[in-house]
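Chain letters run A, B, ... following the sequence lines, proteins first, then strands; residues in each count from 1. All values reported here derive from a predicted model rather than from experimental measurement. Because only heavy atoms are used, hydrogens play no part in the values below, and waters and symmetry mates are left out as well, while side chains stay in.
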There are 2 protein chains.
Amino acid sequence: MSPRPRRDQQLTDLPVRILSAAWEQIAQAGAAALSLRAVARQLGITAPAIYNYYPDRDALVTALIVDAFHSFGDALQAAVDGLPAVQHARRLYALGMAYRQWAITYPERYQLIFGTPIAGYVAPQEITMPAAARALAILSETLANAHAAGLLKPMPTGSISPDLQAMFQVWAQARGEAPSEVLYLTLVIWAQVHGLAVLEIGGQFPPFISDPGALYERTLEMLVNQVLEVEA
Amino acid sequence: MSPRPRRDQQLTDLPVRILSAAWEQIAQAGAAALSLRAVARQLGITAPAIYNYYPDRDALVTALIVDAFHSFGDALQAAVDGLPAVQHARRLYALGMAYRQWAITYPERYQLIFGTPIAGYVAPQEITMPAAARALAILSETLANAHAAGLLKPMPTGSISPDLQAMFQVWAQARGEAPSEVLYLTLVIWAQVHGLAVLEIGGQFPPFISDPGALYERTLEMLVNQVLEVEA
DNA sequence: CGTTTTAATTATACGGTGTTTATTTATTTT
DNA sequence: AAAATAAATAAACACCGTATAATTAAAACG
């Protein structure tokens, strides 16, 4: 019957310590193996104590997802900001490289964000959507800047079909009036990059792919060349 | 203390009934929520009885994955076989369409195969790899046929870098001597299609994407046109 | 046909999980 | 100093996967 510890021997910043303990466990055993009781054990507290800070396990997972999205968005933003605003192709390339780099550095976080590793958990979209939108916005803005500079190559085979046009105009009105091609390319490039990342992380590539990084770099390079004019 | 039921009131084909009960549960609540005890309840038996047919839960999951891979491969093969062997572009397009169709028809199966929804489970590669290779082989062969017919467009910007060439030659020697471009395109197309499918299934598209099918179709169409010459 | 062996199923139990409730106690407020 | 509040715990509940031993139907054999 241990009493409640005195404030000065008590753990401070318990909410964030819970988060980082959870990250440790996720990094070690994957997001699917996350356990409230194990987190509590690691912190030297009991499991119900966590309920003072997170109403249930799903809330903790949501906090982790928001956390991961911030880290992800920061990494992407830093990659773009690291290059002059006028070097659109290099910016796009750097963005793609940073995408994979973050994904393979924190594969569990990436799968926590984009996969469905948690048992009964469905992410509340009103919380995760804005966080996710940031990553998309960085790509979309990079392409929009290139478009404004007249560097966007015309789409190889015809333009986008009318129904897709309509779809993207709704999107454009909600965001910064980017043209349909920019929004379309945003999604397609994202899907390509995401597909490569997710296959690599999930170990789905055939074993002959000894250097996924080279495959990724080359594909990204071609993708950039296919979309943007080469700059001086 | 109910005794063991007599053979004629006993469930026959218990292994496959376990599998289909598991599929029902997965379709209902997702692969992450799969529970041996719930499967047993649904079949009117006790949980340990399952252990006569599957040594542990992971073995059951592995059987489910193999099952899903067969269904997936069959769907892809049927799509390709449904068109004359000479219509390479149409075959490639049909293959891509069948890919998404299967994925959105059985999203849980797709995520069971390509995601990591199960808690401590890691798929035994010696079992899943051959099954997965089949899907890749169908795409690879479709492209190889088009290449043999001289319909493969030259890669837009230069050729594949030497290190990638070397990587794919190892692969080519293990498979049917397909050229490097074919193998490279196999992976890139796969990643693009997989990326789109996984984003759609995971609900990661921005809400403005009201018609993901149209987006997919148009992208696949452009992908085919970008890779193959138009046929007569 | 009776007996023995075998195999399938159940009952029980252990340690794990998320979560709820009531209780204790340190801190804060009055 | 007393009362109120908040944070932590202890205990319990209902799940889970899984191991073990007991039970019993079916099969094999003499």
Participant: Measure from CG on Asn52(A) to P on dT5(D) and round the result to the nearest Å.
Facilitator: 16 Å
Participant: Could you tell me how far apart Ile50(A) (CD1) and dA7(D) (P) are, to the nearest whole angstrom?
Facilitator: 15 Å
Participant: Should Arg218(A) and Asp211(A) count as an ion pair when the cut-off is N to O under 4.0 Å?
Facilitator: no
Participant: Report yes if a side-chain nitrogen or oxygen of Arg41(A) is closer than 4.0 Å to either non-bridging phosphate oxygen (OP1 or OP2) of dG16(C); otherwise report no.
Facilitator: no
Participant: Is it the case that the side chain of Gln111(A) and the backbone of Ala31(A) share a donor-acceptor pair, with hydrogens and angles ignored and the cut-off at 3.5 Å?
Facilitator: no
Participant: Let's see if you can work this out: which of dA10(D), dT17(C), dA8(D) has an atom nearest to the side-chain heavy atoms of Ala38(A)?
Facilitator: dT17(C)
Participant: What nucleic acid atoms does Arg57(A) come within less than 4.0 Å of, heavy atoms only: base, sugar-phosphate, or nothing?
Facilitator: sugar-phosphate
Participant: Roughly how many Å is it from OH in Tyr54(B) to C1' in dT18(D), rounded to a whole number?
Facilitator: 18 Å
Participant: For the pair made of CZ in Arg37(B) and P in dT18(D), what is the distance, rounded to whole Å?
Facilitator: 11 Å
Participant: When you match Asp58(B) and Thr46(A) each to their closest nucleotide on DNA chain D, which lands nearer the 5' end?
Facilitator: Thr46(A)
Participant: Residues from residues 27-36 of chain B sitting under 4.0 Å of DNA chain D, heavy atoms only?
Facilitator: Leu34(B), Ser35(B), Leu36(B)
Participant: Distance-only, no hydrogens or angles: does the Thr105(B) side chain make a donor-acceptor pair with backbone N or O of Gln101(B) under 3.5 Å?
Facilitator: yes
Participant: Cut-off 3.5 Å, side chains only: do Thr62(A) and Tyr121(A) have a donor facing an acceptor?
Facilitator: yes
Participant: Is there a side-chain polar atom (N or O) of Tyr51(A) under 4.0 Å from OP1 or OP2 of dT19(C)?
Facilitator: yes
Participant: In this structure, how many angstroms lie between the C1' atom of dT17(C) and the CG atom of Asp56(A), rounded?
Facilitator: 14 Å
Participant: Report the distance from atom CG of Asp13(A) to atom C1' of dA7(D), rounded to the nearest whole Å.
Facilitator: 16 Å
Participant: Taking only the side-chain nitrogens and oxygens of Tyr53(B), find out if one of them lies under 4.0 Å from OP1 or OP2 of dT9(C).
Facilitator: yes
Participant: Is the Tyr99(A) to Phe72(A) ring centre distance short of 6.0 Å?
Facilitator: yes
Participant: Salt-bridged, Glu217(A) to Arg100(A), with N to O below 4.0 Å?
Facilitator: no
Participant: With sequence neighbours left out, what residues match Tyr106(A) under ring pair (Phe, Tyr, Trp, His ring centres under 6.0 Å)?
Facilitator: Trp102(A)
Participant: Please report, rounded to the nearest Å, how far the P atom of dT25(C) is from the CD1 atom of Ile45(A).
Facilitator: 19 Å
Participant: Can you measure Ile18(A) atom CD1 to dA7(D) atom P for me and round it to whole angstrom units?
Facilitator: 12 Å
